[in-house]
Amino acid sequence: MTDQTATDTAADANELAKAFDPAATEPRWARRWFEEPFRADATSARPPFTIVIPPPNVTGSLHLGHALDNTLIDTLIRYKRMAGFEALYLPGMDHAGISTQVVVEKQLRAEGVSRHDLGREAFLEKVWSWKAESGGAILEQLRRLGVSADWTRERFTMDEGLSRAVRHQFVRLYHEGLAYRGERIVNWDVEAQTTLSELEIDREVRKGKMSTLSYKLEDAQAAASNGGAGEILIATVRPETIFADQAIAVHPEDERFAHLIGQRARIPLTDRFIPVIADVAVERDFGVGALKITPAHDPTDFEIGERHNLARPSVIDLNGKLTSDLVPDAFRGLERFAARKAVVAALIESGDLIEEKDHDTAIGLSERTKVPVEPIVSLQWFVNVGPMAAQVLEGLDKGELRITPERYTKVNRDWLENIRDWNISRQLWWGHQIPAWYDGDGHIYVPSAENPDLDCDKDPQYAHLSLRRDPDVFDTWFSSNLWPFSTLGWPDESSEDLLKFYPTQVLVTGYDILFFWVARMQMAAYHLTNRAPFETVMLHGLYLDAKGQKMSKSKGNGIDPLELFGEYGVDASRFAFAFLSTGGQDIKHDPRRFEQGRNFANKLWNAARFVRMRLSEVAPDLDPADPLSAYIQAAAEMPQGASPRSRDLLSHLVADKSKLTLADRWIISRLNAVTAEVTGHLDAYDLGAAIRAIYAFTWDEYCDWYLEAAKPAMSAANTGTLATLKLVLEHILKLLHPFMPFITSELYEALGHRRQLAVHAWPEVNVALHDQEASEAFTRLRAAVSAARSVKNELGLSPQDRLSVQVDGEAAELVRANARVVEGVARVTLVDSLEGRTLSAVDAGVIVRAAIEGTVDIADWLGKQRKRLLELGKQIAQAQGKLSSENFVARAPAEVIEEEKRRVEDFGAQKTRLEEVLGQFE
RNA sequence: GGGCGGUUAGCUCAGUGGUAGAGCAUUCGCUUCACACGCGAGAGGUCGUAGGUUCAAGUCCUAUACCGCCCA
């Protein structure tokens, strides 16, 4: 379809639009890259370069963080594809268990329905239809972003293949003894009705109360030993849980309480007595120094309870309500926070509340529902991740995996070193149902290692049993941790894709999911595939709002990427993302960066438009037999062999410099240097530096200087200049393509190419293109032009006014030899001599003079020159100071010393001339 | 409590040892035949503070202040 599509384009219109219009260009390419995806070939001989997308959650649509992620990924992928790699950008999405279920439940609630009203099957149907909707929106956004993903390989974490991978992971971990079922204290989300892992909880400090309660000692003797006080005071922030108290704990070395250890005290509002125990976990400085131990409702208490063999009755149910026979009737059935108030009131009434004071309490909130989590004791599935973490740490030691910015390696390590068992079961419906079955006696049945795919209730060996499958599903990260290899065919280890594209080269993601996702992928990959899942982890910063705050739905400060795309264009947005991404720093939103991208796109568009116009004007006068002319004329890409390839053309051009002007030689030399620079930055994954280099070269050098300098030579007689114009522009398009794929593809086509730019080769660096002489000479010409412009400005002339100037200095001869360029660009006329008083501008190697006519106010000019003189004096003194220091001369490298000497000379010469110029006004 | 990042021009940010940069804003002048989403000429920083290392420090080290983030 390539050729057919190409017909309906700007390439065939006679002229490009005056301004770049993203809306007129982007949809066509976006559609093309989606409909004809960049397929990666597992059988190719090219070296692989793989990046798997951090799969977006199907909870809605993409935010700016995703747009940033995918821009960076696509830029690297497009670069590597051009550079000769078998580049695979593997797209897909995450079912995002709890997040998605919460979203759909919220929708249902708005309709007055609960998931239980629907039942599991009907509810899942709802979620799948939401997945289709959300997934479609995400896909559309990625499509608009122009990512060159291999859409034939799109994956979803609940695909058949990926679900199979999850099951294999679990079965294997179970038989290795790493996955187990046990009763532990877990974090319960009373709204979502599921457990949560540590990572799914946000800590927040809230204002609360700390209550000091009186627990009456059981016998009089104890009371006596307590200085007559018949009580022990404890501090708590959760008085409503006292009914589940199992002990009072004090620090073993706390003299205040030593005599009470072993005594018993009564729980207020009840008739039950609990022992006073000693445990080192008690903080002596907290409250009054004694704690009530409630194993079922606090993680620390749970641990203390385990050490002392305490029972762990629960008094709060899964809905967060007080329950159990232990709770007095008055409070039974109350919601936990209401219960707290009621219990406090009762304690005041009974006189057991000694004190209540303000206290900042750290509480855990469910990341998804924002509800305070309730620690509860429950039978759940866990993974002992210690051994897996150890494998990753070993790999990090061996340097098998690089993280950039490097500082995150330590963060990664610290987390792995202090890792705790991972609760992987969730009481949700949306997700991978756990492949574990139970019989009536509570025995566990898990598929065999030999045949993990066979359900236990279909396994003939268990036919005599009545098995019930665990209704729970896995934590969503228990599937996304397999993403880099499950998407490539694992557990089928002979999968062609897996063999070719795994391990992947880079993982690009925000540092905020280093623990959630990156570390878990590391562990799964090392354990299940015996290797690191990626060579490099490239972490970028978070995309913050203009005030520097995290964007969030609740704050309503989010910015929709589509709005930015609409306002500035996708290329401009991608430019901004690349430009802003430096060193993993957080990114504060700044519309000015998007404007810069838009302006840059327009600048490039107009440069191309200009070049194209000039070339088509002269094309009829050219001889098609000449290869350069043929290249210039080409309205369509020449058939293979008829036209030299562009890099050969460049070599051809510089081989015969007679056809080139100084400006041509200079820009080709600069192009080569910039190509080397950009390539180096891209290889180092420093996209910000790369785009900056391209931007500066395109705007400041190609447009501002080269195009202006080339204007006088744009005639049919100068095939060298015409070819240089086109060649350098095409190279710019190639260098820029990974960053701004739409406009570059469009312009490349408009310059007569049929094959889309994305599949062309990356420009090579060629030392033969370096031209020191031209670089130095053109720098002098630039100085002459700038000086001439400065003089015109001082004289208050309009740019179009012609001014006669006289040029002196070392570079005078060079300037005269290139008079046409200097006269054209600066709009001056070079003359040999001038009458009367003159006003001058001095720059490196040149002094440009113009006659002062009439009543020009030169006070301003004189002031500037004097200031300049002072500056020069300072610079010279500084350089001379260094040169006269024995230490400097003895220790500094020779080239640095040479540089300082050169400065003294250069500045000295300028100073002399300035003094001379000013002398005539003394 | 532990760890990390930031502090550079009015604003937002680049810049890891050798003459301080960009975009925007600002001053002056321009409908110069690619571009006013533009062109030219300017102005504007003792690089948070205090020490130190070095021939040489925005850049390396130490301390410190303030802002932000992560973990407990």
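Numbered from 1 within each chain, the chains take letters A, B, ... in sequence-line order.
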Which atoms of nucleotides 65-72 of chain B (N or O only) lie under 3.5 Å from a protein N or O atom, and what are those distances?
{"unit_1": "B:C70", "atom_1": "OP1", "unit_2": "A:K550", "atom_2": "NZ", "d": "3.0"}

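- Taking 4.0 Å as the cut-off between side-chain N and carboxylate O, A:E595 and A:R592 do not count as a salt-bridged pair.
- As rounded to the nearest Å, B:G40 and B:U32 have P atoms that lie 14 Å from one another.
- Residues A:K864 and A:V896 both approach RNA chain B. Their nearest nucleotides, taken by heavy-atom distance, put A:V896 toward the 5′ side.
- Here A:K867 reaches the OP1 or OP2 of B:G44: one of its side-chain N or O atoms lies under 4.0 Å away.
- A:R407 comes within 4.0 angstrom of the backbone, heavy atoms only, and of no base.
- One can place CZ of A:R827 at 14 Å from C1' of B:G29, the figure rounded to the nearest angstrom.
- Within the 4.0 angstrom heavy-atom criterion, no nucleotide atom of any strand lies near A:L542.
- Counting any heavy atom pair closer than 4.0 Å across all strands shown, A:R592 reaches a base atom.
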Exercise. Show your working on side chain to side chain donor-acceptor pair (under 3.5 Å) between A:S715 and A:N718 and close with a plain yes or no.
Key: CA-CA 6 Å; A:S715 68; A:N718 303 307; 3.3 Å; yes
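- Atom CD in A:E406 sits about 14 Å away from atom C1' in B:U16, given to the nearest Å.
- Residue A:P405 is classed as having no contact, given no heavy-atom separation below 4.0 Å to the nucleic acid.
- Side-chain nitrogen and oxygen atoms of A:T582 include none within less than 4.0 Å of the OP1 or OP2 phosphate oxygen of B:C13.
- In this structure, A:N412 atom CG and B:C4 atom C1' are separated by 14 Å, rounded to whole Å.
- Counting any heavy atom pair closer than 4.0 Å across all strands shown, A:Q596 reaches sugar-phosphate atoms only and no base atom.
- Taking the six-membered ring where tryptophan is involved, the planes of A:F577 and A:F594 are perpendicular, since the angle between them exceeds 60° and thus also 30°.
- With respect to A:E794 and A:K864, a salt bridge is recorded, a charged nitrogen being found less than 4.0 Å from a carboxylate O.
- The phosphate of B:C39 (OP1 or OP2) has a side-chain N or O of A:K603 nearer than 4.0 angstrom.
- Atom name C1', nucleotides B:U12 and B:U26: the rounded distance is 16 Å, in whole Å.
- Atom CG in A:L722 sits roughly 15 Å away from atom P in B:A34 (whole-Å rounding).
- Listed pair A:S786 / B:A41 meets the phosphate criterion, a side-chain N or O lying under 4.0 Å from OP1 or OP2.
- When the P atom is compared between B:U54 and B:G2, the two are found 32 Å apart, to the nearest whole Å.
- Among the atoms of the strands shown, base atoms are found under 4.0 Å from some heavy atom of A:E708.
- Across all strands, A:F600 comes closer than 4.0 Å to no nucleic acid atom at all (heavy-atom distances).
- Of the charged side-chain nitrogens involved, at least one lies within less than 4.0 Å of a carboxylate oxygen, so that A:R902 and A:E899 count as a salt-bridged pair.
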Output field dot_bracket for RNA chain B (Watson-Crick or G-U, both distances under 3.5 Å, | for other-strand pairs) contains ((((((((.[[[[.)..(..]]]].(((((.......))))).....[[[[[..)....]]]]]))))))).
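- Looking at A:L580 and A:Y543, their side chains come closer than 4.5 Å, going by heavy atoms from C-beta outward.
- In this structure, A:R614 reaches the sugar-phosphate backbone alone: every heavy-atom distance under 4.0 Å involves primed, P, OP1 or OP2 atoms, never a base.
- Between the CD atom of A:E617 and the C1' atom of B:A34 there is a distance of 11 Å, rounded to whole Å.
- Here A:R789 lies in heavy-atom contact (under 4.0 Å) with sugar-phosphate atoms only.
- OP1 or OP2 of B:A36 has at least one side-chain nitrogen or oxygen of A:K18 nearer than 4.0 Å.
- OP1 or OP2 of B:G29 has not a single side-chain nitrogen or oxygen of A:S798 nearer than 4.0 Å.
- Close to B:G38, at under 4.0 Å from its OP1 or OP2, lies no side-chain N or O of A:N606.
- Ranked by how close their nearest RNA chain B nucleotide is to the 5' end, A:R891 and A:R609 are led by A:R609.
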Review point. Could you go step by step and tell me if A:L68 and A:H540 meet the side chain to side chain contact (heavy atoms under 4.5 Å, CB included) rule?
Key: CA-CA 9 Å; A:L68 173 64; A:H540 62 247; 3.5 Å; yes
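- Computed from coordinates, the A:R598 CZ to B:C24 C1' distance equals 12 Å when rounded to whole Å.
- Salt-bridge annotation for A:E900 and A:R903: present, with a side-chain N of the basic residue lying under 4.0 Å from a carboxylate O of the acidic one.
- By the 4.5 Å heavy-atom criterion applied to side chains, A:I847 and A:S840 are counted as neighbours.
- A:Q910 is listed as a side-chain neighbour of A:R868, based on a closest heavy-atom distance under 4.5 Å.
- At whole-Å resolution of the value, CH2 in A:W699 and P in B:G23 are 8 Å apart.
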